[in-house]
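Chain letters run A, B, ... following the sequence lines, proteins first and then strands; every chain starts at 1.
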Protein chains: 2
Amino acid sequence: MTGRLPHTLRSDARDNRELILDAARAVFAAEGLNAPMREVARRAGVGPATLYRHFPTKEALAAEAFREQMGACLTIAEEGLADPDPWRGFRLVIERICELHAHDRGFTTAFMTAFPNAMDFAAVREETLRTIAELARRAKDAGALRPDFVLDDLILLIMANCGIQAASPAARVAASRRFAALAIQALQASPRHAPLPPAARLAPVPPHTTVRPTRHHPGTLAGKTS
Amino acid sequence: MTGRLPHTLRSDARDNRELILDAARAVFAAEGLNAPMREVARRAGVGPATLYRHFPTKEALAAEAFREQMGACLTIAEEGLADPDPWRGFRLVIERICELHAHDRGFTTAFMTAFPNAMDFAAVREETLRTIAELARRAKDAGALRPDFVLDDLILLIMANCGIQAASPAARVAASRRFAALAIQALQASPRHAPLPPAARLAPVPPHTTVRPTRHHPGTLAGKTS
DNA sequence: ACCTAAACGGACGGGGGCGTCCGGCTAGCG
DNA sequence: CGCTAGCCGGACGCCCCCGTCCGTTTAGGT
């Protein structure tokens, strides 16, 4: 719905739009959401003005660029829910979501912050979380998932997964895989497990997660950084 | 050793040095290592030149500002090692290190990156890791820590802990506490645990990986400003 | 009280990212 | 084939941050 653009769009404009989206995906994946818009434009081989005309804000660009991954996220959750064994489904969800997030740096923060202006973005996010919540309920009922698991723990793990850095993308994915395995074993129900400290409300998170806002200069426009 | 400054330092210079260090600790804790040097200077109530004269590079400033925490880190490791029960010592180390890192945003990245130029910084880091490695060995021998644990897993967890964000510092600490508890249970030796995927070499990480500056744009990613 | 060396901080030039304007180009219709 | 509306991208002004220079202030010894 968002992109109900009239196909009365001139052909070159159409082409550029795709070029920009491809470039954005590549740049955001490699450098994160805080990458300069300029960089995306350069990579797409267009001028900055063209980029800004197509996507007036970075938020709009990111929302459009990550629409696919957002959908993938939901698909993963649904596939997990479809698994006859809820615990296996749950594990799969953890593993695949971690991998997805390890692949590009930008998507995680996009997912976590869930820009308020990109409505359907947040909607898919909520739908994904709701699906996983249902899956978690079943896994608990099956006695496989620890009963004190809450949805915020999932957010916690995704955030944590996002903190993992490495020299190469490959190393990051590998590390992320190991992390997911550890997380799963921590979430597995077990009589040996001591009770956990209380969960903290986490999401959604103010953007400074990635971006540093404060520049207390009275009067001037606020500055932000990441 | 590092700070063998002649106490033939003028009194105002001495005072300013302390003011700067206090400001740096506060700013780095609140905003992270990427905070502008200017901000530290403002907070300390000195001019930029003064700051640069005392600490020619941000690295030098951070190394000095975090010396205390760095020492605390090592102390934690040593106390863990001193515990007669190695597994309890290990758990304590995890919990306390996570808490320490949750408290200020800057220290984690400082610890992870371990600036190559700040020699003794890296030295303490290595010493800390070595101590924990020994503790881990004992905990494994006691049959409490899973045998496939490697030191990189600790790095992994610290990095992950660093990814945790929340609205308030208090919430972050709470989340971090829960995370630590989960991590400990994942690392606990258990016959139920499946083998883990291979560990990946992680540290140290180039500093720019962590964050990158961006500017604020009204109505877009920036959630709030003062 | 004075004098000097040391320390201070305001100010400067450079660099980079941001968002926008405008003159030139081209797609695509008549 | 020619025209026009729509699109493009170079260039601009803005702001913030960085690191350094230099005229001014001040500590502290005589």
Side-chain angles (χ1 to χ4, degrees), chain A residues 5-20 23-24 27-28 31-62 207-208 210-226, chain B residues 5-20 23-24 27-28 31-62 117 207-208 211-222 225-226:
Chain A
L5 40 126
H7 52 93
T8 64
L9 202 62
R10 230 173 72 174
S11 64
D12 51 350
R14 227 184 195 324
D15 291 349
N16 273 339
R17 191 189 151 86
E18 279 316 306
L19 253 58
I20 289 172
V27 169
F28 287 155
E31 305 193 35
L33 257 198
N34 49 357
M37 288 289 258
R38 246 42 185 216
E39 180 69 22
V40 176
R42 260 189 295 272
R43 184 121 171 187
V46 304
T50 303
L51 190 157
Y52 280 108
R53 189 170 325 105
H54 281 285
F55 306 96
T57 161
K58 185 181 283 188
E59 184 169 324
L61 175 58
H208 4 163
T210 65
V211 173
R212 180 176 55 85
T214 36
R215 177 104 327 106
H216 47 272
H217 233 94
T220 54
L221 279 160
K224 111 181 162 124
T225 332
S226 139
Chain B
L5 40 125
H7 54 92
T8 66
L9 201 63
R10 232 171 68 174
S11 64
D12 52 350
R14 227 186 201 322
D15 291 348
N16 273 339
R17 192 188 150 87
E18 279 317 306
L19 276 147
I20 289 171
V27 169
F28 287 155
E31 305 194 33
L33 258 197
N34 51 352
M37 288 289 258
R38 250 32 191 222
E39 180 68 22
V40 176
R42 261 189 294 269
R43 184 122 173 189
V46 304
T50 303
L51 190 157
Y52 280 108
R53 188 171 325 106
H54 281 285
F55 306 96
T57 161
K58 184 182 283 188
E59 185 168 324
L61 175 58
N117 299 350
H208 69 277
V211 201
R212 174 126 167 252
T214 317
R215 290 200 5 79
H216 170 76
H217 183 42
T220 140
L221 288 175
T225 11
S226 106

Side chain to side chain, [X] and [Y], heavy atoms closer than 4.5 Å:
X	Y	result
A:Leu61	A:Met37	yes
A:Tyr52	A:Thr57	no
B:Arg38	B:Pro48	yes

Atom-pair distance ([atom1] on [X]; [atom2] on [N]), nearest Å:
X	N	atom1	atom2	answer
B:Asn16	D:dT25	CG	C1'	13 Å
A:Glu59	C:dG19	CD	C1'	16 Å
A:Leu9	D:dG6	CG	C1'	10 Å
A:Phe55	C:dG19	CZ	P	15 Å
B:Arg14	D:dG28	CZ	P	11 Å
A:Asp12	C:dT26	CG	P	10 Å
B:Arg53	D:dT26	CZ	P	15 Å
B:Ile20	C:dG9	CD1	P	9 Å

Self-check item: Side chain of A:Arg10 - closest among D:dC18, C:dC18, C:dA27
Solution: C:dA27
Exercise. Just compare C:dG19, D:dC7, C:dA7 and give me whichever is closest to any side-chain atom of B:Ala13.
Key: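 Looking only at side-chain atoms, B:Ala13 lies closest to C:dA7.
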Quiz item: Which part of the nucleic acid does A:Ser11 contact within heavy-atom distance under 4.0 Å: base, sugar-phosphate only, or nothing?
Solution: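 If one applies the 4.0 Å heavy-atom cut-off, A:Ser11 turns out to touch the sugar-phosphate alone, with no base involved.
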Quiz item: Hey, does B:Ala49 reach any base, or is it just sugar-phosphate, or nothing, if we go heavy atoms under 4.0 Å?
Solution: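 Result for B:Ala49 = base.
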Self-check item: Check: A:Lys58 side chain, A:Pro36 main-chain N or O, donor-acceptor pair, under 3.5 Å
Solution: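 Looks like no, no N/O pair under 3.5 Å.
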Quiz item: Under 4.0 Å between a side-chain N/O of B:Thr50 and OP1 or OP2 of C:dG9, yes or no?
Solution: yes
Quiz item: For D:dC7, does OP1 or OP2 lie under 4.0 Å from any side-chain N or O of A:His54?
Solution: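 Indeed not, no polar side-chain atom of A:His54 lies that close.
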Self-check item: 5′-ward residue of the pair A:Pro48/A:Arg42 relative to DNA chain C
Solution: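 Between the two, 5'-proximity favours A:Arg42.
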